[in-house]
**Student:** 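Below are the structure tokens for one structure; questions will follow.
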Amino acid sequence: MFSKIRPLALALLLTPPAVAAEVRPVPPPGVPVPDADRASLNAGVETLTKEIDALRTQLKGKPEMLALVPDVIIFQKAVDWALKYDEFFTPNLIGSAKQQLELGMQRAKELREGKPTWNSATGLVVRGYVSKIDGSVQPYGLIIPEDWTPEEKTPRRLDFWFRGRAEKSTELAFVADRLKSKGEFTPPGAIVLHPYGRYCCANKFAGEMDLFEALENARTHYKIDSNRISVRGFSMGGASAWQFGTHFAGLWAAVAPGAGFGETAEFSKVFADGKTPPPWWEQMLWRWYDSTVYSANLSNTTTVAYSGEIDGQKQAADIMIRFLEKEGITIPHLIGPQTPHKYHADSKPQIEEIVTGAALKGREPEPKKVRFTTYTLIYPQMEWVKVDGLLKEWERADVTAEVDGAKIVVATKNVTALQLDSPFQTGQPGDRIKGVTLDGQALPANWNKAGLQFHREGNTWIAGTLAPKVAIATKHPEVCGPIDHAFMGNFVFIRPTGIPINEKVGAWTKAEMEHAITFWRKVFRGDVKVKDDTAITPEDVANSNLILWGDPSSNTALAKLLPNLPLQWTREKLVFGGQTYAAAEHAPVLIYPNPSNPAHYIVLNSGPTMREEALLNNAQQTAKLPDWAIINLNTPPDAKNPGEVVNAGFFDEHWHAQK
């Protein structure tokens, strides 16, 4: 497919793009808040903020109570941000804001007294956690069964519910909804977790990590059965259920998407007459979140799809089933007769019967056979099989692994490094597995604490890991690109304090950094951590992806790293990938292992690569730039691009620019 559209994409690159018209803002502007209400709410936020600050000091010697402070902050942030950023979308939210400030004050009082009643509450409960990505507090909702008690020993079933698209569901509206609505499904005896998902990004990027961070936090309060977790959702949430279901199939007892979308191209009619196809690298990056191409992974779980018969989003299940059939997999597809974009009343009990049946059975804790497909080292693992290296990123890689008596038989495609964990929950795997047959090659089973490791040298598999120097210089699951991957882990913006290489580059990098800070706040609902280039600490280098803004003249951190980066950048020229560009009017954006700590990234001059135009449709919320790009600054940034992208591509598996 890429070869057919590449000429069109290159033609597009040769023509400077026009500046796009302003697009509809997401989130939209709010309604006016009467002066008296605004004054009252501002005073309430100020009072609650002081209470939170006091709690942080008072509870320093009580870590269990201190860990609950985010459960108070969710209310303060919800109202504070709605006031600051014009996010009261209906007059009713003014009353919701007052209620949430009261709840925040009540929780603060209970924490100060050491009696947090919501810790033992049933029914609708709203909680929060501090994200490892940006230090922001993110909310999530729970439905706790009425028969639950804090003292119970038996772990509970948990269902995730992913909500539909709601551009007005910022924190204030989300928390308000989670305080009053139980949602579509409340299975008896099950905990239901409603993730916020970082607002309205279809649980992608930081929204994807939100599920795992919310689950980690929920586990500190409730006993959850790892073998009885399911994912389900509708509309945008249906797309999220397909996404999590296919990318992490081995984690779930059941996957139950309703409506939504399963990929970008067909759903968005990208190749319709009159439309200009996106550049080849953007199409390649659809393989990050397209659930269709990961459909083989659903062989590892139970899946049931739902669609309304006359719902346009029935397309999602239809295309997923087409791809599943190619993999030899069939799933039930329940269709609500003559039903638009909603659940049919007769379909809901049928869905529940399948999901609850799978949850009662639980996921197989010791699967003898694992089937795994991936396109990127961002998703390296299924059950006890982990891929540590690919021959070519973004091309299909497959692993099938099966316990056969005293050996494991493995077949691979496009894999260069592999790790096998124990297929068994108990006992020493070495007592049961004595050898491995890998692509027809017999190898010893030399078990260690990390399991079994193998890597390919030429056409031969070798037992053991790559040599450390080779491993550091090779793409691996923690450091593999593309640019957007840096924003799924802890990151900090490094602001330049020096004089830029020229006025145009200085103005562009300053504007792009400010745009990225605002975009992150609007879209991913956090405040970016920003430091001057002169204030970087060893802790920053050890723990964070460093997002370097500016050029070698303005940013001292970039200047120090430049000799170990794959580019030359002087006042006169920018040299990258064997090509030379005029430094007066070009700037690079790229991701690369930090030479000072290759376990983390450095990124040059880029935040998340999607921009305002992508926010209008969740299926378009995909990565827009690969590992690197050269930007012509003569074309101003717009709602789609940071400027004219004159060249872009991926590093190879050894972080070399492909010429």
Side-chain angles (χ1 to χ4, degrees), residues 49 52-53 56 66-67 69-70 73-74 76-78 80-81 84-85 128-139 170-171 196-199 201 204-210 212-214 216-217 478-479 483-498 509-550 554-561 589-611 642:
T49 302
I52 291 167
D53 291 341
R56 287 181 171 131
L66 186 63
V69 171
I73 296 174
I74 54 173
Q76 182 265 354
K77 178 183 177 183
D80 184 40
W81 280 36
K84 281 182 179 176
Y85 303 120
Y129 71 88
V130 179
S131 174
K132 298 179 179 68
I133 294 175
D134 56 5
S136 65
V137 171
Q138 298 295 323
T170 51
E171 290 83 355
Y196 184 44
R198 294 278 185 148
Y199 174 51
C201 60
K204 299 176 184 177
F205 307 116
E208 174 185 322
M209 304 312 295
D210 176 74
F212 297 104
E213 291 195 293
E216 180 182 5
N217 185 265
E478 288 72 36
V479 179
I483 290 169
D484 288 275
H485 193 219
F487 303 99
M488 294 173 73
N490 182 282
F491 71 91
V492 58
F493 278 16
I494 306 302
R495 174 175 49 206
T497 58
T509 56
K510 182 176 185 293
E512 281 297 287
M513 185 181 74
E514 291 171 351
H515 172 270
I517 290 170
T518 301
F519 191 86
W520 186 266
R521 194 267 305 160
K522 288 195 306 181
V523 178
F524 295 113
R525 313 304 294 177
D527 287 319
V528 171
K529 293 174 288 186
V530 182
K531 284 194 165 189
D532 288 347
D533 56 350
T534 55
I536 300 175
T537 66
E539 289 74 21
D540 295 327
V541 175
N543 301 318
S544 304
N545 299 319
L546 303 184
I547 316 303
L548 306 176
W549 296 92
S554 65
N555 193 310
T556 57
L558 173 54
K560 290 175 183 176
L561 295 173
V589 301
L590 62 80
I591 190 167
Y592 199 74
N594 185 346
S596 298
N597 178 11
H600 289 282
Y601 293 115
I602 58 104
V603 172
L604 300 190
N605 295 318
S606 183
T609 63
M610 67 176 179
R611 295 170 81 94

**Student:** Run the side chain to side chain donor-acceptor pair (under 3.5 Å) check on Asn605 and Thr509 step by step: do they pass?
**Tutor:** CA-CA 6 Å; Asn605 295 318; Thr509 56; 5.1 Å; no
**Student:** Do the side chain of Lys77 and the main chain of Val137 share a donor and acceptor less than 3.5 angstrom apart?
**Tutor:**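 Pair found, side chain donor or acceptor close to backbone of Val137.
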**Student:** Quick one: pull up CG in Leu604 and CG in Leu590 and give me the separation to the nearest 0.5 Å.
**Tutor:**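 Result: 4.0 Å between the selected atoms.
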**Student:** Quick one: does Glu171's side chain have a donor or acceptor within less than 3.5 Å of a partner on Pro139's backbone?
**Tutor:**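 Such a contact is absent between Glu171 side chain and Pro139 backbone.
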**Student:** Between Asp540 and Thr537, is there a donor-acceptor pair closer than 3.5 Å when you use the side chain of the first and the backbone of the second?
**Tutor:**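 Flag set: sc Asp540 to bb Thr537 pair under 3.5 Å.
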**Student:** If you compare all heavy atoms of Ala486 against all heavy atoms of Val603, which two are closest, and at what distance to 0.1 Å?
**Tutor:**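 So the minimum-distance heavy-atom pair works out to CB-CG2, 3.6 Å.
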**Student:** In Å and rounded to the nearest 0.5 Å, what is the CE to CD1 distance from Met209 to Ile133?
**Tutor:**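 One gets 6.0 Å once the value is rounded to the nearest 0.5 Å.
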**Student:** As a quick check of understanding, evaluate side chain to side chain donor-acceptor pair (under 3.5 Å) for Gln138 and Ser131, giving each step before the final call.
**Tutor:** CA-CA 7 Å; Gln138 298 295 323; Ser131 174; over 6 Å; no
**Student:** For atom NZ of Lys510, decide whether the heavy atoms of other residues, nucleotides or ligands shown that lie under 6.0 angstrom number more than 12.
**Tutor:**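 Check fails, neighbour count at 12 or below.
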**Student:** Side-chain contact test, heavy atoms from C-beta onward, threshold under 4.5 Å: evaluate it for Phe524 versus Pro608 and give yes or no.
**Tutor:**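 Yes - at least one pair of side-chain heavy atoms lies under 4.5 Å apart.
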**Student:** Measure across Glu478 and Tyr601 and return the closest heavy-atom pair with its distance rounded to 0.1 Å.
**Tutor:**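 Between these two residues, the closest heavy atoms are O-OH, 3.7 Å.
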**Student:** In terms of relative ring orientation, are Tyr85 and Trp81 parallel, tilted or perpendicular, with 30° and 60° separating the classes?
**Tutor:**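 Perpendicular.
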**Student:** Donor-acceptor pair, distance only, cut-off 3.5 Å: does the side chain of Asn543 make one with the backbone of Glu539?
**Tutor:**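 Yes, Asn543 side chain to Glu539 backbone: donor-acceptor pair under 3.5 Å.
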**Student:** What's the shortest heavy-atom distance between Gly526 and Ser136, and which atoms?
**Tutor:**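 Reported closest heavy-atom pair: CA-CB, 3.8 Å.
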**Student:** With rounding to the nearest 0.5 angstrom, report the CD1 to OH distance, Ile74 to Tyr196.
**Tutor:**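 Nearest 0.5 Å value for the CD1-OH distance: 12.0 Å.
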**Student:** May I ask you to test the Pro642-Arg611 pair for a side-chain heavy-atom distance under 4.5 Å?
**Tutor:**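 SC-SC contact between Pro642 and Arg611 confirmed.
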**Student:** Could you tell me which non-hydrogen atom of Val479 sits nearest to which non-hydrogen atom of Pro598, and how far apart they are?
**Tutor:**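 That would be CG2-O, 3.5 Å.
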**Student:** Taking all heavy atoms of Leu561 and all of Ser596, pick out the closest pair and write down the distance.
**Tutor:**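 Minimum heavy-atom separation between Leu561 and Ser596: CD2-OG, 3.4 Å.
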**Student:** Evaluate side-chain contact (heavy atoms from CB on, under 4.5 Å) for Phe519 paired with Met610, printing each intermediate quantity in order.
**Tutor:** CA-CA 10 Å; Phe519 191 86; Met610 67 176 179; 4.1 Å; yes
**Student:** Quick one: which of Lys529, Arg198, Arg521 gives a salt bridge (Lys or Arg N to Asp or Glu O under 4.0 Å) with Asp134?
**Tutor:**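 Per the salt bridge (Lys or Arg N to Asp or Glu O under 4.0 Å) rule, the option paired with Asp134 is Arg198, out of Lys529, Arg198, Arg521.
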**Student:** Run the ring-centre check on Trp520 versus Phe491 and record whether the distance is less than 6.0 Å.
**Tutor:**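 Yes.
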**Student:** Would you say the side-chain atoms of Asp533 and Thr497 include a donor-acceptor pair closer than 3.5 Å?
**Tutor:**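 The answer is yes; a qualifying pair exists.
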**Student:** CZ of Arg495 to CD1 of Ile547: how many Å apart, nearest 0.5 Å?
**Tutor:**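 Interatomic distance, Arg495 CZ to Ile547 CD1, rounded to 0.5 Å: 14.5 Å.
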**Student:** If you measure from NZ on Lys132 to OG on Ser544, what distance do you get to the nearest 0.5 Å?
**Tutor:**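 Nearest 0.5 Å value for the NZ-OG distance: 13.5 Å.
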**Student:** State, without any angle test, whether Tyr129 and Asp210 hold a side-chain donor-acceptor pair at a distance under 3.5 Å.
**Tutor:**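 There is such a pair between these side chains.
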**Student:** Output the distance between atom CD1 (Ile602) and atom CG (Leu546), rounded to the nearest 0.5 Å.
**Tutor:**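 Here the interatomic distance stands at 8.0 Å.
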**Student:** Asn545 side chain to Phe487 main-chain N or O, any donor-acceptor pair under 3.5 Å?
**Tutor:**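 Between the backbone of Phe487 and the side chain of Asn545 there is no qualifying donor-acceptor contact (under 3.5 Å).
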**Student:** Please find the pair of heavy atoms, one from Asp484 and one from Thr609, that lie closest to each other, and give the distance.
**Tutor:**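 Distance-wise, the nearest heavy atoms are OD2-OG1, 2.5 Å.
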